[in-house]
Protein chains: 2
Amino acid sequence: MNAPVTSRPDIMAALEDRGHRSTAPRRAIIRILEGKQEGFTAEEIGKELPDVGRATIFRTIKLLLEADAICKLNLINGAPRYSLSRVEHHHHTVCVRCGNVGEFRAATVERLMRAIGSDIPGKIVGHRIELYVTCRQCMTPDQPSRNSEGP
Amino acid sequence: MNAPVTSRPDIMAALEDRGHRSTAPRRAIIRILEGKQEGFTAEEIGKELPDVGRATIFRTIKLLLEADAICKLNLINGAPRYSLSRVEHHHHTVCVRCGNVGEFRAATVERLMRAIGSDIPGKIVGHRIELYVTCRQCMTPDQPSRNSEGP
DNA sequence: TGACAAATTGATACTAGGTATCATGAACGC
DNA sequence: GCGTTCATGATACCTAGTATCAATTTGTCA
Ligand SMILES: [Mn+2]
Ligand SMILES: [Mn+2]
Ligand SMILES: [Zn+2]
Ligand SMILES: [Zn+2]
């Protein structure tokens, strides 16, 4: 009897493939963030795992970033947000009212980024795009607003 | 005899227009950053003005940001870089080898950002784009590399 | 099943970037 | 000039990490 093939990628296995050990704290952190909304902070993880040291939270986040299992989003103000990677190259939407993070990908954007290379001195090696939005939940009035990020 | 009309905007005057006082520390900070390359850090300013308190450096940077006299660029690693605003809405290029910051603006980009609004849930209220480049100086080999930022 | 080396952990201390507090000093409207 | 208000520097504090290190856990292999 094989275990059923899950649709989710096995993040712990990905870390093991990269030479890291499967430890209880790492598994716990991964389990927590798999159950979380997009855009969690390091501190939010730490609060749910009081027995895991703060340094281990940050160490594990770094490993997950290196393995492209999560992405980091530096906002103008407030702590960086992390979220599970869902597609390969992509960009983020951030709701300026509630802080929720979404992902998007548009071939037209990628194409244009490549095209403007000819107008820019030097050679483009990458790009980063963030869209600031008012999300659907926040457009219907009287919703709880978590914080305020800004463009 | 009037003073000649300078091409540069008078930043101190802009702060005064916003209700702030013209003080020696503020004038000193503005004079320093007018002579600087794009992409200076708060610490770089502080080092050139050892008699100005650290808090005042950050307080003045905040005022300058609020007045849109400078812009702040959060990089993946390393201290945030500030630079004098030169055009209204614009984006930045960052050299991944030397850290130099440039500005660019492309109508096609702005148009596309508006256009993809229809593909995104919610309402777009702003955006932010950074291009990671290898700048011209860094493409000719054996140039001094200041640091390494990354996409 | 150990036993062992290497990796990992949590505690602790430290750093960088920035903010809150507050007594002293400078701006500026009159 | 003078008084109010604003701004300053010193100091302490804060958040997001990182360095260090003794104690524990893993993975490997006998
Ligand atoms: Mn993402
Ligand atoms: Mn700029
Ligand atoms: Zn929202
Ligand atoms: Zn360069």
Side-chain angles (χ1 to χ4, degrees), chain A residues 11-30 32-33 39-67 70-83 99 147-150, chain B residues 11-30 32-33 39-67 70-83 99 147-150:
Chain A
I11 297 179
M12 191 62 251
L15 292 192
E16 290 188 80
D17 290 351
R18 296 174 64 86
H20 306 297
R21 292 182 176 177
S22 174
T23 68
R26 285 176 183 165
R27 289 190 299 270
I29 291 167
I30 291 168
I32 291 292
L33 59 84
F40 44 84
T41 63
E43 217 202 341
E44 280 167 21
I45 303 283
K47 251 177 208 155
E48 301 202 28
L49 296 169
D51 295 344
V52 174
R54 217 171 66 91
T56 297
I57 304 283
F58 284 107
R59 284 191 282 240
T60 304
I61 284 175
K62 185 182 278 186
L63 294 183
L64 292 168
L65 283 172
E66 286 165 8
I70 60 176
C71 23
K72 178 179 184 174
L73 187 48
N74 283 311
L75 300 166
I76 305 300
N77 48 261
R81 303 294 184 79
Y82 302 92
S83 51
N147 48 41
S148 88
E149 327 292 342
Chain B
I11 297 178
M12 191 63 251
L15 292 193
E16 289 189 80
D17 289 351
R18 295 173 65 86
H20 306 296
R21 293 182 176 176
S22 174
T23 68
R26 284 175 184 166
R27 288 189 300 269
I29 291 167
I30 290 168
I32 291 291
L33 60 84
F40 46 83
T41 63
E43 217 201 342
E44 280 166 21
I45 303 282
K47 252 177 207 153
E48 302 201 27
L49 295 170
D51 294 344
V52 174
R54 216 171 66 94
T56 297
I57 304 284
F58 283 108
R59 283 190 283 237
T60 303
I61 284 176
K62 185 182 279 187
L63 293 184
L64 292 168
L65 283 172
E66 286 165 7
I70 61 175
C71 22
K72 179 179 184 176
L73 188 48
N74 283 310
L75 301 165
I76 304 303
N77 47 262
R81 304 294 184 79
Y82 302 93
S83 50
N147 48 42
S148 89
E149 328 290 342

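In this text, all values refer to a predicted model and were calculated from it rather than measured experimentally. Every chain is numbered from 1 and lettered A, B, ... according to where its sequence line falls, protein lines coming before strand lines.
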- Query: Roughly how far apart are A/His20 NE2 and A/Glu66 CD, rounded to 0.5 Å?
  - Reply: 6.0 Å
- Task: Respond yes when some side-chain nitrogen or oxygen of B/Tyr82 is under 4.0 Å from OP1 or OP2 of C/dG18, and no when none is.
- Result: yes
Pairs under 3.5 Å (N/O, protein and nucleotides 12-14 of chain C):
none

- Would you mind reading off the distance between A/Phe58 atom CZ and C/dG10 atom C1', rounded to a whole angstrom? 14 Å
- Item | Which atom of B/Arg21 lies closest to which atom of B/Arg26, heavy atoms considered | O-NH1, 3.0 Å
- Query: Can you name the one residue among B/Thr60, B/Thr56, B/Ile57 that meets side chain to side chain contact (heavy atoms under 4.5 Å, CB included) with B/Pro25?
  - Reply: B/Thr56
Give each protein N/O atom lying under 3.5 Å from an N/O atom of nucleotides 28-30 of chain C, with the pair distance.
from, atom 1, to, atom 2, distance (Å)
C/dC28, OP1, B/Ser22, N, 3.2

- Query: Any donor-acceptor pair under 3.5 Å between the side chain of A/Arg59 and the base of C/dG10?
  - Reply: yes
Which atom pairs link the protein and nucleotides 28-30 of chain D when you take only N or O atoms and keep those under 3.5 Å?
none

- Message: Whole angstroms only, please: what is the CG-P distance between A/Leu75 and D/dT15?
- Response: 17 Å
- Message: Restricting to side chain to side chain contact (heavy atoms under 4.5 Å, CB included), what partner residues turn up for A/Thr41, sequence neighbours left out?
- Response: A/Glu43, A/Glu44, A/Ala79, A/Arg81
- Message: On a heavy-atom basis, which atom in B/Gly39 and which in B/Ser83 lie closest, and how many Å separate them?
- Response: N-CB, 3.7 Å
- Task: Could you tell me, to 10°, how much the axis swings from one end of the helix from C/dT1-D/dA30 to C/dC30-D/dG1 to the other, five pairs per end?
- Result: 30°
- Message: Side chains of B/Ile61 and B/Ile29, heavy atoms from C-beta outward: is any pair under 4.5 Å?
- Response: no
- Kindly compute the distance separating CD1 (A/Ile45) from CD1 (A/Ile32), expressed to the nearest 0.5 Å. 6.5 Å
- Item | Protein-nucleotide distance (B/Leu63, atom CG; D/dC6, atom P), rounded to Å | 13 Å
- What is the distance from CE of A/Met12 to P of D/dT26, rounded to the nearest Å? 11 Å
- Item | Length of the line joining A/Arg81:CZ and D/dG17:C1', which is rounded to integer Å | 17 Å
- Note on the structure: note: A/Lys62, atom NZ; D/dA16, atom P; distance rounded to Å ~ 16 Å
- Message: As an exercise, state the distance from CD1 of A/Ile30 to CE of A/Met12, rounded to the nearest 0.5 Å.
- Response: 5.0 Å
- Can you figure out which of C/dG18, D/dG17, D/dT8 approaches the side chain of B/Pro25 most closely? D/dT8
- Query: In whole Å, what is the span from the CD atom of A/Glu43 to the P atom of D/dC14?
  - Reply: 13 Å
- Would you name the heavy atoms of B/Phe58 and B/Ala42 that are closest together and state the gap between them? CE2-CB, 3.6 Å
- Non-neighbouring partners of B/Glu48 that pass salt bridge (charged side-chain N to carboxylate O under 4.0 Å, His left out), sequence neighbours left out: B/Lys36
- Within this structure, what is the CD1-to-P distance between A/Ile61 and C/dT9, rounded to whole angstrom? 13 Å
- Message: Applying side chain to side chain contact (heavy atoms under 4.5 Å, CB included) to B/Ile70 and B/Ile11, what does each step give before you reach the verdict?
- Response: CA-CA 10 Å; B/Ile70 61 175; B/Ile11 297 178; 5.8 Å; no
- Message: Which is more 5' along DNA chain D, the nucleotide nearest A/Asn74 or the one nearest B/Arg26? Just name the residue.
- Response: B/Arg26
- All heavy atoms of B/Leu15 vs all of B/Leu63, minimum pair found to be CD2-O, 3.9 Å
- Task: Between B/Ala24 and A/Ile57, name the one whose nearest nucleotide on DNA chain C is closer to the 5' end.
- Result: A/Ile57
